[in-house]
Amino acid sequence: MSKNSAYFSVTSLNGAHDVKRIKRELDRKCNGVLSVAVGQNGNLVSVDFDDTGVTPQMLRNCLTDMGYTVNGARMEYFN
């Protein structure tokens, strides 16, 4: 297993409801998601994932499919 982290700058987060929704949907739709954290103030979605099951593009697509606009992304790779 190779653990990586992706950070997505997302617009239009509206409180605790969106936080729960994002966590639930990423866990359900993207096999390999290890953890999800959402910073409501900065509109930053942080995802730790196993890259043998999911790619950063799949995570981004999932966010956009939920109706969020992703303005940017940053990756951290760990070996």
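Since the model is a prediction, treat every value here as computed from it, not as a measurement. For the numbers below, each heavy atom of this structure counts, side chains included, while hydrogens, waters and symmetry mates do not.
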**Message:** Quick check for you: to the nearest 0.5 Å, what is the distance between T55 atom OG1 and M75 atom CE?
**Reply:** 9.0 Å
**Prompt:** Of the non-hydrogen atoms in P56 and F49, which two are nearest, and what is the gap between them?
**Reply:** CG-CZ, 3.9 Å
**Prompt:** In Å, rounded to the nearest 0.5 Å, how long is the span from NZ of K3 to OG of S35?
**Reply:** 6.0 Å
**Prompt:** Is the backbone of G72 close enough, under 3.5 Å, to the side chain of R60 for a donor and an acceptor to pair up by distance?
**Reply:** no
**Prompt:** If you measure from CD on E25 to CZ on R28, what distance do you get to the nearest 0.5 Å?
**Reply:** 4.0 Å
**Complete:** Of all heavy-atom pairs linking L44 and S9, the shortest is CD1-N, 4.3 Å
**Request:** Calculate, to the nearest 0.5 Å, the distance between atoms NZ and CG belonging to K29 and N61 respectively.
**Result:** 11.0 Å
**Prompt:** Is there a side-chain contact between F8 and L63, using heavy atoms and a 4.5 Å cut-off?
**Reply:** yes
**Request:** Could you check if a side-chain atom of D18 sits within less than 4.5 angstrom of a side-chain atom of V38, using non-hydrogen atoms only?
**Result:** no
**Asked** Under a 4.5 Å cut-off applied to non-hydrogen side-chain atoms, are V45 and Y7 in contact?
**Response** no
**Prompt:** Does the side chain of L59 come within less than 4.5 Å of V54's, by heavy atoms?
**Reply:** yes
**Interatomic spacing from CG in N43 to OH in Y68 - rounded to 0.5 Å** = 10.5 Å
**Request:** Compare all side-chain heavy atoms of T64 with those of V70 and state whether any distance is below 4.5 angstrom.
**Result:** yes
**Validation row: T69, V10 side chains within 4.5 angstrom (heavy atoms)** = no
**Fill in**
Interatomic distance, CG@N71 vs OG1@T11, rounded to 0.5 Å, equals 5.0 Å
**Item:** Non-neighbouring partners of E76 that pass salt bridge (charged side-chain N to carboxylate O under 4.0 Å, His left out), sequence neighbours left out
**Value:** R74
**D27 CG: over 12 foreign heavy atoms closer than 6.0 Å** = yes
**Message:** Restricting to non-hydrogen atoms, name the atom on K23 and the atom on V36 that form the minimum distance, rounded to 0.1 Å.
**Reply:** CE-O, 3.3 Å
